[in-house]
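Before any comments, here is the structure.
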Amino acid sequence: MSEEKSLNFIEEIVEADLASGKYKNILTRFPPEPNGYLHMGHAKSICLNFGLAKKYGGQTNLRFDDTNPVTEDTEYVDSIKEDVQWLGFNWAKELYASDYFEQLYGFAVDLIKKDLAYVDDSTSEDIAAQKGTPTQPGVANIYRSRSIQDNLQLFADMRAGKYKDGEKVLRAKIDMASTNMLLRDPIIYRIKHAHHHHTGNAWCIYPMYDFAHGQSDSIENITHSICTLEFIPHKPMYDWCIENLGIFPSKQYEFARLNMTYTVMSKRKLLQLVNDGYVTSWDDPRMPTISAMRRRGFTPESIRAFCDKIGVAKRENLIDFGLLEFCVREHLNKIAKRRMVVFDPLKVTISNYLNEWETLSSENNPEDENGGNRALPFTREIYIEREDFMEVAPKKYFRLAPGQMVRLKSAYIIKCDDFVKDAHGNITEVRCSYLPESKSGNDTSGINVKGTLHWVSAATALPVEVRLYDRLFTEENIGNAEGDFKDYINPNSLQVIAKAYAEPALAEATLADRFQFLRKGYFCLDKDSTANKLVFNRTVTLKDTWAKVNK
Ligand code: ATP
Ligand code: MG
C-alpha cells in the first residue's frame, strides 16, 4: 500500500512558488519571543518551519523576537536553543530582532519622510477613544497633520530620551476609517526606558510587533513567514509596511494553533503555574513544555512523529493528548530496555531453592535483536508486587494464590505453598517452591502457566524513588472551561513511590536511557537523582488509561 501523504496547504504554496521560479530556495524562520519556555505548540511550529525547509532544500533561521524589553530574559534564550536542537533541528542563523533596531529606526524615519508616520502626543486613553469601534470609524486628531520636519525632530528626540514613558508615540498614517482596526494608524514605536536583555540601555524607544516582525522577515529575505491564525488581521499591516518601504516581499501564511486536551498552551499561563507553585518548575514533567517532555522521557522522534501525524490545519481544533502518548509508546517500545521494578513489595521465600544465588539472563528488548541481555540475580528470597498475591483468589486470577502456579519472568515457575500473616492480619510473606526444570529458555517441565510476574531478588534489590504522573488538569478542554483555568488542576497529578525495589542493572542507568519497567510503563532517570538515590519518572503507561470506552 502506498504511504504517500497528500501535501498540506503550505507545501502546496511552496511547491507552486518553486515551480513558477518565484524563489530558487525557500527560507523560513522560527520566531519565538524569549519570554518563557517553549511548549508543544512551539514544537509544532518548529517542526513545520524547519521541516518545510528541510523537505524543499531550504533553510530556517532561529530569530528571537525580542522587541519587548520587559518580559524577556537570556535564561529563556538559552532554553529555546536547547529545545530546538534537542528536537533535532539546526538553524541557518541565530538572529535577534533587536539587532535590527537601527534598521527599523531607519524604516520609521523613511515612513515619516514619506508622510506615512507621525508623532502623537495623545494619552493612550485618548488614542483608544479616537480609534472608534468596529462599527464606527475612528477620528483623526491634530497631531496627524504635523509637518514632516516636526515629526523627524520629535522622533529623534524620542530616541534621544527627551521624553518619559508614554509621553509620545510614533504612529503609521494609514486610514482612521479602515474596516480593519489594526490599520487605524497603528502605534509603531513607544517610549520605554527599560533595560533590554540584548541591547542593554542603548534604546529607550522600542518598535511594536507589527513594525518589527514583517520587516525582520524582509531583512532576512524570508520567503514564507508562517504564523498562527490570530495574525490574520495583522497581515494587511505586514504587507503595507513592506510595500511602502519597498523592501523584500516576504509573505505571511497562517495555520491553526495546536491545542491539546487536559493542558494549556500559553507561556503566560504556564508561568503562572510555576510562580504560584502548582508545579515545581518549567520542566516539571507534568508541564506541556518541551523541556518537561524531555525530562519525562519523551523522545524527539516521537514528538516529530506526532507533529507529522496531526498535520497542518486551517481551523482551530483540539488534539487528544493520548495521540502524543501513542507516538511516545510506539517509539519507546522499539528502544526501551526492559527492567523489573517492584513498587509495593511482598516477600516471597522459595523454600526448596537451596543455592545461595545464581545469575540468570534476560533480554534487554525483545523488539531489538541487537539489544543483548542483562544479568539477573536470582536468590531464595525475592519480592513480588503485593497485588500479585491473593489469599482467596477469584476464578480467573492467574497470579499467585495458595496452590496456584505462576512464572517468574526470565526465571522459574513457582507454586504457592503457604503464607504468613502478622498480628494485624497483614500478609508478610508468601512461601513457595520452585520447579528446577522450568528455567526460562530451558524449560522441560511441560507445565504451562497463564501468569507471568515481575520480581526482584531481595538480596540485591536497589531501593529507588518512582514518580508517576497523571494529567495536570481534570478538564478536557481548558480553553472552553468557565472560570480560572487553575480551578481545574488535577490534585492527583503526581504520585511518589518513595521506595520501590529495582533489579540491580538499573544502578547503571543514565539520563539518556529509556526503560520499560515490566507491566508498569515506560520510565527514565530523573535529573533529581543522586549517587545515593535514583529517581525514575514514568514517561507513559503501557496502555492508554484515559481512552474513552464509548465514544
Ligand atoms: P504563547 O501564547 O504561549 O506566549 P506565542 O505565540 O506568544 O505563544 P511566540 O514565542 O510568539 O509564542 O511564538 C513563536 C512561534 O510559535 C510563533 O510563530 C507562534 O505562532 C508559534 N506558536 C506559538 N504557540 C503555538 C501553538 N499553540 N501552535 C502552533 N504554533 C504556535
Ligand atoms: Mg507572543
Side-chain angles (χ1 to χ4, degrees), residues 8-10 28-53 60-68 70-73 75-81 83-84 87 89 91 94-98 197 208-210 212-214 216-217 220 222 224-235 238 250-275 282 287-293 303-304 306-319 321 323-324 477-479 485:
N8 67 49
F9 73 97
I10 298 179
T28 60
R29 88 285 173 263
F30 174 62
E33 186 179 351
N35 61 350
Y37 282 65
L38 299 183
H39 50 62
M40 273 305 301
H42 296 110
K44 174 69 211 168
S45 175
I46 292 167
C47 290
L48 179 58
N49 279 296
F50 282 89
L52 202 62
T60 306
N61 287 342
L62 173 62
R63 182 199 317 139
F64 291 99
D65 215 337
D66 59 350
T67 53
N68 182 4
V70 184
T71 53
E72 295 160 2
D73 204 303
E75 173 196 345
Y76 300 134
V77 169
D78 294 340
S79 78
I80 289 168
K81 284 161 64 176
D83 288 350
V84 174
L87 275 176
F89 298 108
W91 48 87
E94 175 188 334
L95 301 162
Y96 294 80
S98 57
H197 79 105
M208 302 298 286
Y209 172 88
D210 275 339
H213 200 92
S216 302
D217 285 344
E220 294 172 20
I222 299 297
H224 300 83
S225 175
I226 300 162
C227 59
T228 38
L229 294 180
E230 67 269 25
F231 290 99
I232 290 178
H234 295 256
K235 189 174 181 147
Y238 184 105
S250 299
K251 281 275 172 216
Q252 175 183 306
Y253 302 96
E254 308 87 8
F255 74 105
R257 294 178 82 80
L258 168 64
N259 301 303
M260 294 179 79
T261 55
Y262 299 105
T263 194
V264 293
M265 274 319 175
S266 141
K267 283 180 278 187
R268 188 178 51 80
K269 288 184 179 162
L270 296 175
L271 181 64
Q272 276 185 57
L273 294 178
V274 176
N275 286 345
W282 279 100
M287 293 277 271
T289 56
I290 298 177
S291 47
M293 310 234 159
I303 294 176
R304 292 200 303 263
F306 167 75
C307 289
D308 200 40
K309 234 185 229 316
I310 58 177
V312 183
K314 272 188 180 169
R315 252 183 297 152
E316 292 266 342
N317 55 5
L318 185 66
I319 304 282
F321 200 88
L323 182 62
L324 173 58
N477 190 346
I478 309 278
F485 76 101

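From a predicted model like this one, the values you see are computed outputs, not experimental measurements. Just follow the structure's listing: the first ligand is 1, and inside any ligand the first atom is 1.
With sequence neighbours left out, Y96 forms a side-chain hydrogen bond (donor to acceptor under 3.5 Å, both in side chains) with E94.
Residue-ligand proximity, P31 to ligand 1, at heavy-atom distances under 4.0 Å covers atoms 14 (C), 18 (O). Residue-ligand proximity, F255 to ligand 1, at heavy-atom distances under 4.0 Å covers atoms 29 (C), 30 (N). Heavy-atom proximity to K267, at under 4.0 Å, picks out these atoms of ligand 1: 1 (P), 3 (O), 4 (O), 8 (O), 9 (P), 10 (O), 12 (O). Taking every heavy atom of S266 and a limit of under 4.0 angstrom, the matching atoms of ligand 1 come to 3 (O).
When the heavy-atom distances from atom 31 (C) of ligand 1 to G41, C307, C47, A43 are ranked, the shortest goes to G41. Looking at E316, K44, H42, it is H42 that brings a heavy atom closest to atom 8 (O) of ligand 1.
Under a 3.5 Å cut-off, the side chain of N259 and the backbone N or O of L318 do not form any donor-acceptor pair. The backbone N or O of G311 sits less than 3.5 Å from a side-chain atom of K44, completing a donor-acceptor pair.
For H39, every heavy-atom contact with ligand 1 shorter than 4.0 Å involves the side chain, none the backbone.
The line from OH of Y76 to CD1 of I80 is 9.5 Å long, rounded to the nearest 0.5 Å. With rounding to the nearest 0.5 Å, the separation of CZ in F50 from CG in L87 is 9.5 Å.
For N49 and T60, the side-chain atoms include no donor-acceptor pair closer than 3.5 Å.
Ligand 1 has no nitrogen or oxygen under 3.5 angstrom from a nitrogen or oxygen of N35. Of the N or O atoms in E230, none lie within a sub-3.5 Å distance of an N or O in ligand 1. Considering backbone and side-chain atoms together, T228 places an N or O closer than 3.5 Å to an N or O of ligand 1. Remark: ligand 1 and E33 share an N or O pair separated by less than 3.5 Å (distance only, no angle test). In terms of polar-atom proximity, defined here as any N/O pair under 3.5 Å, P32 makes no such contact with ligand 1.
Salt bridge status for K267 with E33: absent, with no side-chain N to carboxylate O gap under 4.0 Å.
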